[in-house]
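Here is the structure we will look at.
Everything numeric here is computed off the predicted structure, so don't read it as measured data. Residue numbers begin at 1 in each chain, while the letters A, B, ... track the order of the sequences.
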Amino acid sequence: MSAQPVASTAATPNDLVLDVRDITLRFGGLTSLDKVSLTHTRGEVLSVIGPNGAGKTSLFNCLTGVYFPQEGEVRFYPEAGVERSVLGRKPYAVNRLGIARTFQNIRLFNALTALENVKIGIESRQKTGPIGAMLHMPWNRREERESDAEAFRLLEFVGLTKRANEVSSSLPYGDQRRLEIARALGTRPQLLLLDEPAAGTNPAEKRQLEVLIRAIAETGISVLLIEHDMKLVMSVATNVVVLNFGQVIASGTPKEIQRDPSVVEAYLGSGDEADSAAVPRKAAKKAPAKQPPATRTED
Amino acid sequence: MSNPTLERGETPGPGSRLPWHRNEDYRRMFSLLMVGLVVALMTGPSGNRDHPTDGFTGSWFHPRVLLFLGAAAAIGVLMTLYDRSKGAGRRNPLQPVIAPITAVRDRMTSQPLLRYSVYAAILVFAVLYPMTLTPFWQRVLVDQIGVYVLLALGLNIVVGLAGLLDLGYIAFFAIGAYTTAYFTGKLPVAPPFTLNPFEVVPIAILATLVAGVLLGGPTLRLRGDYLAIVTLGFGEIVRILAVNGDAFFGTNVTNGPRGAVGIPHPSIHAFGINYDWTLKSLPYYYLLLVLVVGLLIAFNRLENSRVGRAWTAIREDEVAAAASGVPTVKYKLMAFAIGASTSGFAGVLYASKVGFISPDNFLLLFSLLVVTMVIFGGMGSLPGVVLGAAVLQWMPQVLRGKVPPEDRYIYFGALLILMMIFRPQGLLPSRRRSRELKLSEEGLGGADSLGATPGTTS
Ligand SMILES: Nc1ncnc2c1ncn2[C@@H]1O[C@H](COP(=O)(O)OP(=O)(O)OP(=O)(O)O)[C@@H](O)[C@H]1O
Ligand SMILES: [Mg+2]
């Protein structure tokens with residue numbers, strides 16, 4: 001299909017939160033992203049789907065400063081009228097801009113409690129330095145209290161209040177996923193990137209996640225969501241972009257995407273996807289020599 | 001220490017179908033006997049390159065050899081019996097000693113009253129006990145233990161909290177000491193003005209801070225192992241500069257291997273206080289006590305602050321930390337600089353207490369020693385590193401006169417090996433660190449290059 005940029009809605013440029021233009025990322029001979037373009041309207045949930053190895057995580061890594069694509073541009077609009085270029089910034093600086101993320105293979109601080117995990121995100125916006133921390137002045141203590149309060153608020157938001165003082169690695173899988181989201185929210189992002197948040201969770205946890213993503217979007221945070229679970233995508237996404245072999249093969253509303261023959265082919269070869277609770281995690285049949293195993297870490 | 005096929009703890013009991021040579025008990029006994037043999041060899045008459053086994057000259061049934069082999073066998077038998085008595089044998093033999101300590105520590109976190117009573121008791125002991133000591137031990141307490149407690153506290157920030165392996169740490173100690181020598185006018189080059197050692201403190205801290213940033217800036221981007229090598233090199237560079245500094249472009253700057261002598265004792269003449277420190281050790285001890293207590297409070301706050309948490313985050317998962325908005329390089333640099341300046345501060349005190357410094361005070365060995373103290377005591381744990389420094393500095397002094405001087409480090413090494421086997425987390429480990437160690441043993445954790453990490457992910 002065409003790889004041309006397709007604006008997901010009839011958005012005026014002012015409504016955009018993210019504008020990705022023609023980014024190309026190569027690893028040696030392997031082109032993992034091939035002139036990928038997409039636009040993300042502020043406040044909406046945009047879902048990126050595609051078979052394994054399609055380049056979804058690579059796209060996230062380009063958007064968060066982990067990879068530096070050879071070509072293309074990424075523009076981020078923290079607020080209407082303010083434009084920032086993302087490429088070339090370090091991961092922490094991208095986070096400062098207002099883009100937070102979670103990881104496909106959960107990356108929590110395993111020996112820290114749930115509360116401490118969230119506080120690390122929150123505190124990246126605070127000011128207390130080493131001297132202040134040692135002197136423990138009233139304003140330092142106030143920051144500490146603020147961080148505690150905010151962390152508890154976020155834990156409540158994701159439904160982990162009871163788990164606040166548990167060590168994060170001891171939490172059930174679904175809780176860990178939500179904790180990672182809370183940590184990302186702690187950095188007060190305008191744009192939140194979620195990399196397969198439902199992977200490995202049970203149906204009950206998936207429903208909780210669905211509610212959570214809606215709630216996040218309602219607070220005005222734009223969400224970019226990688227997900228294999230089509231049911232989840234259909235229910236929360238405003239728009240969907242489909243990647244295959246590093247190219248955008250389709251984009252549009254979930255309904256349109258479901259009917260798009262090229263998408264069906266990319267995923268299933270043929271057949272009806274209507275009954276698909278989850279799109280099979282197998283890659284397209286004609287997948288080229290796929291390099292590392294799927295459990296490869298993102299960095 | 002665990003072998004891949006047979007983990008400690010799932011030791012098969014008697015009657016298990018494993019061949020005997022794969023039985024954990026036999027394997028352990030064999031290793032212990034080998035260690036006994038090596039220790040016997042090393043503590044015997046010294047050998048040389050051509051006759052490395054001179055340790056065994058005479059009889060294989062020399063009492064020394066028998067003693068060490070016997071001790072090894074006894075330890076092996078005891079451990080086996082202990083395991084059997086415990087059934088599954090997951091516990092380690094130190095458990096009866098550790099359990100009460102752990103219980104008290106756990107209770108201390110939940111009960112402030114108990115906590116402060118324990119602190120008060122320790123403080124009272126620390127104030128009164130040294131008065132009863134002989135001058136020799138008072139001197140050990142200051143020159144060896146006190147100074148190294150300061151060093152270990154500083155390095156704990158770098159290694160224990162931020163997870164950076166710094167093997168050139170003693171270089172900052174040297175910079176602090178030489179700065180003192182310079183500003184008190186005891187180096188061949190005259191300073192612009194002479195100062196009291198106390199007045200040198202801010203200068204030395206600043207100098208080491210700058211040195212730390214200069215070294216750390218380009219190198220902290222490196223991964224753990226490379227950082228260790230670069231810092232090791234830095235430590236040697238500083239020492240060699242001091243050695244060869246007697247002909248620095250034709251001028252004598254450092255007085256070379258002879259070092260600086262006659263560095264004055266500090267004195268206070270301010271705020272209505274007039275006090276001069278002298279050769280006596282006890283007044284220095286109290287000075288150090290005040291400083292150590294102050295640092296303990298400050299570093300404890302630091303650890304439990306935003307900054308300390310950021311260090312922990314970096315140590316556990318640098319990628320996730322960066323993705324959570326933590327500027328990793330900046331924080332590492334901060335840890336490095338704080339450690340360096342603590343080391344420099346200790347250097348000032350050491351120089352003015354002892355009055356004499358030479359490049360021999362700043363050997364690589366001492367850097368390694370401080371790292372050992374931190375690991376031995378428990379990385380990231382303040383009481384741990386204080387205890388670690390104290391024990392490791394105290395031990396060689398106790399052995400003095402009891403064993404041949406050149407053998408002292410063998411006992412030292414044996415202690416460390418035993419520690420690594422039975423209590424890899426250190427004497428009084430920090431909670432976070434023990435969790436990390438446990439997680440990494442289970443193949444879950446992302447501990448840094450310092451943690452024993454059989455299955456590191458990240
Ligand atoms: N660091 C890297 N080095 C080499 N190749 C890489 C690297 N990162 C990604 N790739 C390759 O880029 C392609 C896209 O990988 P990516 O992880 O983005 O896929 P994905 O869409 O996230 O798949 P999944 O659904 O399995 O998570 C793959 O072929 C992968 O092998
Ligand atoms: Mg992926």
Side-chain angles (χ1 to χ4, degrees), chain A residues 60-61 64-66 90-103 105-113 116-136 140-141 143-144 147 167-170 180 183-184 186-189 193 295 297-299, chain B residues 157 161 209 221 294-331 333-335 337-339 341 380 430-440 442 444-447 451 456-458:
Chain A
F60 269 28
N61 283 339
T64 52
V66 179
K90 294 230 170 63
Y92 87 88
V94 173
N95 182 284
R96 286 275 152 94
L97 282 185
I99 303 181
R101 73 174 291 181
T102 66
F103 294 89
N105 338 336
I106 305 177
R107 299 188 83 137
L108 287 167
F109 306 118
N110 280 324
L112 297 185
T113 63
E116 288 171 320
N117 266 278
V118 181
K119 285 180 76 167
I120 284 169
I122 294 167
E123 286 164 353
S124 68
R125 296 295 181 275
Q126 293 187 331
K127 295 201 175 58
T128 298
I131 309 249
M134 288 195 255
L135 296 180
H136 217 221
N140 305 126
R141 269 175 258 176
E143 273 199 350
E144 182 85 36
S147 145
V167 179
S168 64
S169 53
S170 71
E180 219 191 357
R183 182 180 70 190
T187 64
R188 296 177 175 275
L193 312 188
T295 50
T297 52
E298 281 98 322
D299 52 329
Chain B
I157 301 267
L161 296 189
L209 212 65
R221 284 154 222 278
L295 272 188
L296 281 174
I297 295 173
F299 285 178
N300 182 45
R301 285 174 171 174
L302 194 58
E303 183 183 342
N304 295 307
S305 72
R306 159 180 190 257
V307 180
R309 267 188 296 275
W311 283 330
T312 312
I314 293 170
R315 186 180 79 212
E316 287 198 18
D317 189 334
E318 204 170 328
V319 174
S324 307
V326 178
T328 52
V329 173
K330 181 175 146 199
Y331 272 87
L333 203 55
M334 222 186 264
I338 292 173
S341 53
S430 87
R431 235 160 288 255
R432 282 177 191 164
R433 275 287 192 175
S434 346
R435 266 187 234 141
E436 277 166 36
L437 197 66
K438 216 169 123 247
L439 288 171
S440 68
E442 290 161 6
L444 274 176
T456 314
T457 58
S458 95

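Contacts between A:Thr187 and chain B at a heavy-atom distance below 4.5 Å involve the side chain alone, from C-beta outward. Neither the backbone nor the side chain of B:Asn300 comes within contact range of chain A; no heavy atoms are under 4.5 Å apart. Residue contact with chain B, scored on non-hydrogen atoms closer than 4.5 Å, is absent for A:Ile99.
Residue B:Arg306 holds its CZ atom at 12.0 Å from NZ of A:Lys119, rounded to the nearest 0.5 Å. One finds the CD atom of B:Glu316 at 8.5 Å from the OG atom of A:Ser169 (value rounded to the nearest 0.5 Å). Here A:Asn117 contributes atom CG and B:Thr312 contributes atom OG1; the two are 10.5 Å apart, rounded to the nearest 0.5 Å. Separating the CG atom in B:Asp317 from the CD1 atom in A:Ile106 is a distance of 12.0 Å, to the nearest 0.5 Å. Between the CD1 atom in B:Ile314 and the CD1 atom in A:Ile120 there is a gap of 9.0 Å [rounded to 0.5 Å]. If you take CD1 on B:Ile297 and CG on A:Leu135, they are separated by 12.0 Å, rounding to the nearest 0.5 Å.
Residue A:Ala133 comes nearest to B:Leu302 through the heavy atom pair CB-CD1, 3.7 Å, listed as atom of the first residue, atom of the second, then distance. Across every non-hydrogen atom of B:Val326 and A:Tyr92, the tightest pair is O-CB, 3.5 Å.
Looking only at heavy-atom pairs under 4.5 Å with chain A, the residue among B:Ala321, B:Ala335, B:Ala322 that has the most is B:Ala322. Listed options A:Pro189, A:Ala100, A:Pro91, A:Gly186 were ranked by heavy-atom pairs under 4.5 angstrom with chain B; first place goes to A:Pro91. The greatest number of non-hydrogen atom pairs below 4.5 Å with chain B, out of A:Arg125, A:Lys90, A:Lys127, is found for A:Lys127. Note on A:Gln126, A:Glu144, A:Glu180: by heavy-atom pairs under 4.5 Å with chain B, the leading option is A:Gln126.
The neighbour count for B:Arg301 CZ, taken as heavy atoms of other residues, nucleotides or ligands under 6.0 Å away, is above 12.
With A:Asn95 contributing its side chain and B:Ala323 its backbone, the two residues share a donor-acceptor pair below 3.5 Å. With hydrogens and angles disregarded, no donor-acceptor distance shorter than 3.5 Å links the side chain of A:Glu123 to the backbone of B:Ala310. Of the possible polar contacts, none joining the A:Glu116 side chain to the B:Arg309 backbone as a donor-acceptor pair under 3.5 Å is found.
The shortest side-chain heavy-atom distance between A:Asn140 and B:Ser305 does not fall under the 4.5 Å cut-off. Annotation: side chain of B:Pro327 is in contact with side chain of A:Arg96 (closest heavy-atom distance under 4.5 Å).
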